[in-house]
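See structure below.
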Number of protein chains: 2
Amino acid sequence: MHSTAEENYIKAIYKLSGGGANAVSTTALSETLETKPASVSDMLRKLSAKDLVHYVKYYGVQLTEEGKRVALKIIRKHRLWEVFLVQKLHFTWDEVHEVAEQMEHVKSELLIQRLDEFLGHPRVDPHGDPIPSEAGELRQEEQRVLSSLAVEQKGVVCRVKDSQPAFLQYLNKVGIQIGSQLQVVDKIPYDNSLEISIDKNRSVILSSDVLEKIFVINP
Amino acid sequence: MHSTAEENYIKAIYKLSGGGANAVSTTALSETLETKPASVSDMLRKLSAKDLVHYVKYYGVQLTEEGKRVALKIIRKHRLWEVFLVQKLHFTWDEVHEVAEQMEHVKSELLIQRLDEFLGHPRVDPHGDPIPSEAGELRQEEQRVLSSLAVEQKGVVCRVKDSQPAFLQYLNKVGIQIGSQLQVVDKIPYDNSLEISIDKNRSVILSSDVLEKIFVINP
DNA sequence: AAATAAATTTAGGCAAACCTAAACTTTTAT
DNA sequence: ATAAAAGTTTAGGTTTGCCTAAATTTATTT
């Protein structure tokens, strides 16, 4: 398998290239990885020898198909662990990253399969970013703002656009979190607020202010 | 902090020394760590410089108090992850070790605190070995063989002394696993079998053969 | 278009953690 | 008690992944 350092380079290339599309420069990598450009050149030569990247000196680097596959696997692991940390261990968003960064390098197919199952096959991580499938497919699902749903329509919370503690606490109290199943029960035309049922067992009326900050994907 | 390699040495010394009591030889370490004796000498010099071990050349090595503290922390992490893997992700005993071996090196105090909480502060791992407390205390709880309990007495299963599949399957079928709450309901003097209630919701009669293979700690 | 600036690579080193081979202690056997 | 055997350490090497400094290539100015 690949070393932790190699995995971090691949992940960084994936992110900086926007999903493997564009070429990435040595300095860009050195900045996100917090190493010197010389070290990056070094590693790119190695990754190239392993056919994980296409590397053209002085020009830039891109992931090969194999490189992309590896990148998506790491991202899948990272995001599944983030879901675990937030949903099961009640980590806050800012506490999550540092730990997931370590867990993503644990090697075990079985572990990830089972974790995925345990978490109920989540499709997005706590930041609302999509989780690649076991087959390595990452489809960015269409996200709609909650205020745009009509009566009767359903959605799964995938992103919240305000990370102020007061707002997060409010959502917490109401019982809304990433992954919650919502359905619009009724619309109050007077002020555009909506009555929303949460996970089929309770309902609240959300002001249009709040509705604008919550995003959902299709169930 | 300490590197993964250092942590593995410390853990190995702890185990081979029987909890830090006796001195450990270079070859013993080289065997459990699957490295050459020369590499062990190398590392012992380093650990000694960090005051994690008392190292006397040609004689052997022992953990310092600090070394023991570190060892217990690692063991705590390892065992908590084992509980997680078995209880939550349904790993079998033999699948557990390799993965826990990796997870135990993830660095985060918060992670372990929360994991412990999430698992309900378990006191033993799936093999029945005790889990060191957050303060680093490992109290070897008194283990009694199930056959020694009197009527009305309770115990929590902490160890099973027969790992033949047939026996484990039998226990599984009956509903006994590590952590099960047992209570002696009745004693049948004729053949020393006992009627045992399991987790307060069912009861079985166990032969003295079986009773001899199950160990419990106080609830 | 030449000169300067910026980015990148190469060369040579370092620390960690391993290795083999040789030297040294300790133990065991004669 | 001494020689052989066993165990341990030291010396010198390797690989990985990082570093600095110098050389090289590409981009930007004038």
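Excluded from the calculations below are hydrogen atoms, water molecules and symmetry mates; all remaining heavy atoms, backbone and side chain alike, are included. In what follows, every chain begins at residue 1, and chains take the letters A, B, ... in the order their sequences are listed.
The nearest whole Å value for the distance from the NE2 atom in B/His105 to the P atom in C/dA16 is 18 Å. Regarding B/Tyr55, its OH atom lies at a distance of 16 Å from the P atom of D/dG7, rounded to whole Å. Distance, A/Glu31 CD to C/dA7 P: 9 Å, rounded to whole Å. The distance between atom CG of B/Leu29 and atom P of D/dG7, rounded to the nearest whole Å, is 14 Å.
Here B/Glu137 pairs with nothing under the side-chain hydrogen bond (donor to acceptor under 3.5 Å, both in side chains) rule; sequence neighbours left out. The side chain to side chain contact (heavy atoms under 4.5 Å, CB included) search around A/Glu7 returns A/His2, A/Ile74, A/His105, A/Lys107, not counting sequence neighbours.
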Could you write nucleotides 17-27 of chain C as a row of B, S and -, 5' to 3', where a protein heavy atom under 4.0 Å of any base atom gives B, of only sugar-phosphate atoms gives S, and otherwise -?
BBBBB--BSS-
Review item, nucleotides 1-6 of chain D N/O atoms under 3.5 Å of protein N/O:
none

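No donor-acceptor distance shorter than 3.5 angstrom exists from the side chain of B/Arg69 to the backbone of B/Gly136, with no hydrogens or angles considered.
Residue pairs satisfying the side chain to side chain donor-acceptor pair (under 3.5 Å) criterion with at least one member in residues 12-23 of chain A, sequence neighbours excluded, are absent. Screening residues 56-80 of chain A for ring pair (Phe, Tyr, Trp, His ring centres under 6.0 Å), with sequence neighbours left out, gives A/His78-A/His97. Applying the salt bridge (charged side-chain N to carboxylate O under 4.0 Å, His left out) test to residues at least two apart or on different chains, none of the pairs has a partner in residues 90-100 of chain B.
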Would you give me the side-chain donor-acceptor pairs under 3.5 Å for residues 111-129 of chain A, sequence neighbours excluded?
unit_1: A/Arg114; atom_1: NH1; unit_2: B/Leu89; atom_2: O; d: 2.8
unit_1: A/Arg114; atom_1: NH1; unit_2: B/His90; atom_2: O; d: 2.8
unit_1: A/Asp116; atom_1: OD2; unit_2: A/Arg76; atom_2: NH2; d: 3.3
unit_1: A/Asp116; atom_1: OD2; unit_2: A/His121; atom_2: ND1; d: 2.9
unit_1: A/Arg123; atom_1: NH1; unit_2: A/Glu141; atom_2: OE1; d: 3.4
unit_1: A/Arg123; atom_1: NH2; unit_2: A/Asn218; atom_2: O; d: 2.4
unit_1: A/Asp125; atom_1: OD1; unit_2: A/His127; atom_2: N; d: 2.7
unit_1: A/Asp125; atom_1: OD1; unit_2: A/Gly128; atom_2: N; d: 3.0
unit_1: A/Asp125; atom_1: OD1; unit_2: A/Asp129; atom_2: N; d: 3.0
unit_1: A/His127; atom_1: ND1; unit_2: A/Glu82; atom_2: OE1; d: 3.0
unit_1: A/Asp129; atom_1: OD1; unit_2: A/Arg159; atom_2: NH2; d: 3.3

List the atom pairs, with distances to 0.1 Å, where a side-chain N or O of residues 33-49 of chain A and a protein N or O form a donor-acceptor pair under 3.5 Å, not counting sequence neighbours.
unit_1: A/Asp42; atom_1: OD1; unit_2: A/Arg45; atom_2: NH2; d: 3.3

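At a threshold of 4.0 angstrom between heavy atoms, the contacts of A/Ser41 include nucleobase atoms, whether or not backbone atoms are also involved.
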